[in-house]
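Working notes, structure below.
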Amino acid sequence: MKKILVLEDESNIRSFVVINLRRSGFEPIEAGTGEEALEKWKVNPDICLALLDVMLPDIDGFEVCRRIRASGSKMGIIMLTAKNQEIDKVTGLMTGADDYVTKPFSPAELTARVDALIRRLGVDDAEKSSTEIVSGPFLLNTRNRTLEKDGQRLKLTQIEYMLIKLFMENPGKAMSREDILSAVWGSDFTGELKTVDVNIRRLRIKIENDPTEPEYLTTVWGYGYKWGY
Ligand code: CA
């Protein structure tokens, strides 16, 4: 889970932010003062993004931002500013903040900004590469269980999804009907091998340009199928 530093001295705003970040799947690290925030960051060097309130009882949010940047950290920084004043935005961006959100903000607005910044920073890349398989015009997302062809979402049944996942994970490998049957339907499935052919035919209608001349999911005569792309 991605850690997000939440520096805010007003406890009701802080818990509101914390609850919403948690709901969105982040791990919030809370701090009520600037010094505490810097301490927490030392203990959690893997914090990927910080939400910094400006007006604080000790050092202000800009100073915290400046110190984080002075250490060479590339973490995402969003300033939480109470006043909708141009000066705050300019100072914030000059001290190295990436973005700012003006209070009061809605949970949706905050999470949208956090998500956008994380995407921009590429923090998601490692995660993405392990959940996405690209092959030719196809993009399979194993977290959402979705398939796109040329950017267009294709509607698949669960069986079709499992079939294409099996093929895309094994490009160029000839797979027998028996292999496919046990991988997709389970080894204790007692149905016929024809089940495989029927479902491959349905899948081809969805993924191939011409299902009668398959280019991607090709037939290995007398044996089975392979992802031929
Ligand atoms: Ca404050």
Side-chain angles (χ1 to χ4, degrees), residues 1-132 139 141-146 153:
M1 250 196 291
K2 294 188 186 77
K3 291 182 183 174
I4 298 191
L5 178 65
V6 181
L7 168 57
E8 169 63 66
D9 60 320
E10 281 166 71
S11 59
N12 55 336
I13 300 180
R14 193 171 65 236
S15 45
F16 161 82
V17 170
V18 162
I19 288 166
N20 284 293
L21 288 176
R22 234 175 242 143
R23 216 171 267 160
S24 307
F26 297 107
E27 185 186 341
I29 309 281
E30 295 182 55
T33 66
E35 292 293 353
E36 191 189 348
L38 293 167
E39 279 304 310
K40 291 275 173 82
W41 173 47
K42 233 179 262 171
V43 187
N44 300 278
D46 54 338
I47 286 172
C48 72
L49 191 143
L51 299 172
L52 307 179
D53 180 28
V54 176
M55 302 286 277
L56 295 163
D58 56 346
I59 51 172
D60 71 20
F62 293 133
E63 181 55 27
V64 175
C65 176
R66 211 173 283 126
R67 290 197 204 170
I68 290 173
R69 285 291 182 247
S71 77
S73 169
K74 300 259 193 295
M75 81 164 75
I77 298 181
I78 297 177
M79 305 302 300
L80 304 178
T81 155
K83 304 156 288 176
N84 192 6
Q85 285 178 343
E86 214 52 43
I87 181 79
D88 270 359
K89 298 173 191 172
V90 173
T91 320
L93 297 174
M94 273 173 55
T95 51
D98 299 291
D99 200 359
Y100 60 88
V101 176
T102 310
K103 290 191 239 177
F105 45 80
S106 70
E109 185 185 0
L110 185 70
T111 1
R113 295 291 192 89
V114 167
D115 286 340
L117 183 53
I118 286 178
R119 259 199 312 277
R120 228 159 76 208
L121 294 170
V123 181
D124 256 349
D125 285 358
E127 209 167 287
K128 223 181 243 165
S129 62
S130 65
T131 58
E132 289 185 351
L139 170 67
N141 186 312
T142 58
R143 192 168 50 179
N144 308 335
R145 299 172 78 86
T146 56
R153 178 78 56 90

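Numbering starts at 1 and runs along the sequence shown. Indexing begins at 1, ligand by ligand and atom by atom, following the structure's order.
Looking only at distances, no side-chain donor or acceptor of Glu39 sits under 3.5 Å from a matching main-chain atom of Glu35. Put simply, the side chain of Arg67 never gets that close to the backbone of Ser71: no donor and acceptor are under 3.5 Å apart. At least one donor-acceptor pair closer than 3.5 Å links the side chain of Asn141 to the backbone N or O of Asn144.
Annotation: side-chain hydrogen bond (donor to acceptor under 3.5 Å, both in side chains) contacts of Asp46 (sequence neighbours excluded): Lys3. Residues passing the side-chain contact (heavy atoms from CB on, under 4.5 Å) test with Ser11 are Arg14, sequence neighbours excluded.
Distances from the Ca ion (ligand 1) under 3.0 Å pick out these protein N/O/S atoms: Asp9 OD1, Asp53 OD2, Met55 O.
For residues 48-61, the set of pairs meeting the salt bridge (Lys or Arg N to Asp or Glu O under 4.0 Å) definition, not counting sequence neighbours, comprises Asp53-Lys103.
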